[in-house]
Peer 1: 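Below is a structure I'd like to ask you about.
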Protein chains: 2
Amino acid sequence: MFSKATEYALRATIYIAQKSSEEHKLGIDEIANAIDSPKSFTAKILQVLTRDNHIISSVRGPNGGFFLTQKSKKLPARSILLAMGDEDILEKCVLGLKQCSEIQPCPMHAQYKSIRKQLKELFMTKTIGQLATEIKDGVVFISNQ
Amino acid sequence: MFSKATEYALRATIYIAQKSSEEHKLGIDEIANAIDSPKSFTAKILQVLTRDNHIISSVRGPNGGFFLTQKSKKLPARSILLAMGDEDILEKCVLGLKQCSEIQPCPMHAQYKSIRKQLKELFMTKTIGQLATEIKDGVVFISNQ
DNA sequence: ACAATAAAAGATATTTTTGTCTTTTATTAT
DNA sequence: ATAATAAAAGACAAAAATATCTTTTATTGT
């Protein structure tokens, strides 16, 4: 569905949203470990989300780390896909046809459009904070062991 | 959603199903041109579908080419995904978690499982022949121009 | 038999994705 | 000020995906 980078971005952001605050920031070691992702690669991804997209916040030095502002927690999950350049799936034709549309539908269009719409709806309505809360509610912990 | 290879595989197979018969086979040039894919790369993909998976049939030499048997037209679109090793999307967690399930759901599981189910249903019920017929019915032609 | 045709097979190239490692910069506590 | 800490930045490496090109093999019509 998504690239590894986008998967890590989603998992990391949700994890940070759940565990961090402005007073308690998270280090890259803890994050990468918790979401089962390669540390250095994850650091690069967090850089993109932090520096280029301001979805995640960070400070350097002792007691530094990553955290999410309340404002960021209100962002839809889709904003992570946009930041990672991986939002095509919410828009594009299943068969990869450029001109696929209501007027020139591909053979799967009629049935697929509803699925794509639901997927888009999911990523547009669910906020990062909501996703983090669903973990807090005790349902599950992000880990891949 | 799918890899380029899988997109080409789906488009090519549907195109061959629509245009070919045991009496009228299609050459790689026509196919690659019609579905807007790189010729040699498409040839490799057709090899996989032909030699390894027997979804497409082929004969060499003059009047040779690719075609689909009636039996193959009854295969579900999913069989192409399986052949291309790209069926993960019908099974896996959106966030890429290995243990995501009803018991250990990821924060998106509750809503995503319905979408994934519909996608799987689509690829399991729609046959290659049905997809080809939807084009024949005059709705659209596969091309990316 | 022979030439022409078209897929099969094999080798190679390019690009993208994924991943690692080292150095630098900012921040903090002592 | 200085040392310790932790992210930022940059260079590099490996793997996978995408794509191209050449040679071989099977088949057919003459």
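Order of the sequence lines fixes the chain letters, A, B, ..., with proteins taken first and strands second; residue numbering starts at 1 for each chain.
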Peer 1: How long is the line joining CD of A:E7 and C1' of C:dT18, in whole Å?
Peer 2: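 Interatomic distance, CD of A:E7 to C1' of C:dT18: 12 Å.
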Peer 1: Answer yes or no: is there a side-chain heavy-atom contact under 4.5 Å between A:Q111 and B:E134?
Peer 2: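 Counting from C-beta outward, A:Q111 and B:E134 do come under 4.5 Å.
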Peer 1: For A:F41 and for A:V59, find the nucleotide of DNA chain C with the closest heavy atom, then tell me which residue's nucleotide is more 5'.
Peer 2: A:F41
Peer 1: Starting at CE of B:M84 and ending at P of D:dA17, how long is that distance when rounded to a whole Å?
Peer 2: 10 Å
Peer 1: Would you kindly say whether B:S37 and B:T42 are connected by a side-chain donor-acceptor distance under 3.5 Å?
Peer 2: yes
Peer 1: When you measure from the side chain of B:R11 to the backbone of B:A32, do you find a donor-acceptor pair of N or O atoms at a distance under 3.5 Å?
Peer 2: no
Peer 1: To the nearest Å, give me how far apart CD1 (A:I45) and P (C:dT18) are.
Peer 2: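 Value for this atom pair: 8 Å.
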Peer 1: Examine D:dA6: is either OP1 or OP2 under 4.0 Å from a nitrogen or oxygen in the side chain of A:S58? Give yes or no.
Peer 2: no
Peer 1: Give one of base, sugar-phosphate or nothing for A:A5, where a contact means two heavy atoms less than 4.0 Å apart.
Peer 2: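 Answer is sugar-phosphate: A:A5 comes under 4.0 Å of backbone atoms only.
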Peer 1: Nearest whole Å is fine: how far is C:dA6 C1' from B:L46 CG?
Peer 2: 13 Å
Peer 1: Would you please say whether a donor-acceptor pair under 3.5 Å links the side chains of A:S114 and A:Q118?
Peer 2: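 Looking only at side-chain atoms, A:Q118 and A:S114 do form a donor-acceptor pair, the distance falling under 3.5 Å.
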Peer 1: Please enumerate all protein N or O atoms sitting under 3.5 Å from an N or O of nucleotides 10-13 of chain D, with distances to 0.1 Å.
Peer 2:
| from | atom 1 | to | atom 2 | distance (Å) |
| --- | --- | --- | --- | --- |
| D:dG10 | N7 | A:K44 | NZ | 2.6 |
| D:dG10 | O6 | A:K44 | NZ | 3.1 |

Peer 1: For B:L26, report the nucleic acid contact type (base, sugar-phosphate, nothing); a contact means any heavy atom under 4.0 Å.
Peer 2: sugar-phosphate
Peer 1: Can you name the side-chain contact (heavy atoms from CB on, under 4.5 Å) partners of B:K92, sequence neighbours left out?
Peer 2: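 B:K92 satisfies side-chain contact (heavy atoms from CB on, under 4.5 Å) with B:D88 once adjacent residues are dropped.
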Peer 1: Can you tell me how far C1' of D:dT5 sits from NZ of A:K25, to the nearest Å?
Peer 2: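 So the NZ-C1' distance, A:K25 to D:dT5, works out to 13 Å.
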Peer 1: Can you tell which of D:dC21, C:dG19, C:dT27 lies closest to the side chain of A:P62?
Peer 2: C:dT27
Peer 1: With a cut-off of less than 4.0 Å, is there a side-chain N or O of B:N63 near OP1 or OP2 of C:dA6?
Peer 2: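 B:N63 to C:dA6 OP1/OP2: no side-chain N or O under 4.0 Å.
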Peer 1: Examine A:F123 together with A:F2 and report whether their ring centres are nearer than 6.0 Å.
Peer 2: yes
Peer 1: If you find the nucleotide of DNA chain C closest to A:R60 and the one closest to A:K4, which residue's nucleotide is nearer the 5' end?
Peer 2: A:K4
Peer 1: In this structure, how many angstroms lie between the P atom of D:dT20 and the NZ atom of B:K39, rounded?
Peer 2: 11 Å
Peer 1: Using five base pairs at each end to define the local axes, how bent is the helix from C:dA1-D:dT30 to C:dT30-D:dA1, to the nearest 10°?
Peer 2: 0°
Peer 1: Can B:R78 and B:E91 be counted as an ion pair, charged N to O under 4.0 angstrom?
Peer 2: yes
Peer 1: Specify the separation, in whole Å, of atom CG of B:D29 and atom C1' of D:dC21.
Peer 2: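 In whole Å, D:dC21 C1' and B:D29 CG are 14 Å from each other.
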Peer 1: B:Y8 side chain N/O closer than 4.0 Å to the phosphate oxygens (OP1, OP2) of D:dA19?
Peer 2: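 Affirmative; the distance criterion is met.
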Peer 1: Hey, does A:I28 reach any base, or is it just sugar-phosphate, or nothing, if we go heavy atoms under 4.0 Å?
Peer 2: sugar-phosphate
Peer 1: Does the pair B:E102/B:K113 count as a salt bridge with the N-to-O cut at 4.0 Å?
Peer 2: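 Salt bridge: yes.
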Peer 1: With a 4.5 Å limit on heavy-atom distance, are the side chains of A:Y15 and A:S20 in contact?
Peer 2: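 A side-chain contact under 4.5 Å is absent here.
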Peer 1: Tell me if a side-chain donor or acceptor on A:T50 pairs with a main-chain N or O of A:L46 at a distance below 3.5 Å.
Peer 2: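 Looks like yes, one N/O pair under 3.5 Å.
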Peer 1: Expressed in angstrom and rounded to an integer, what is the separation of A:H24 atom NE2 from D:dA6 atom C1'?
Peer 2: 14 Å
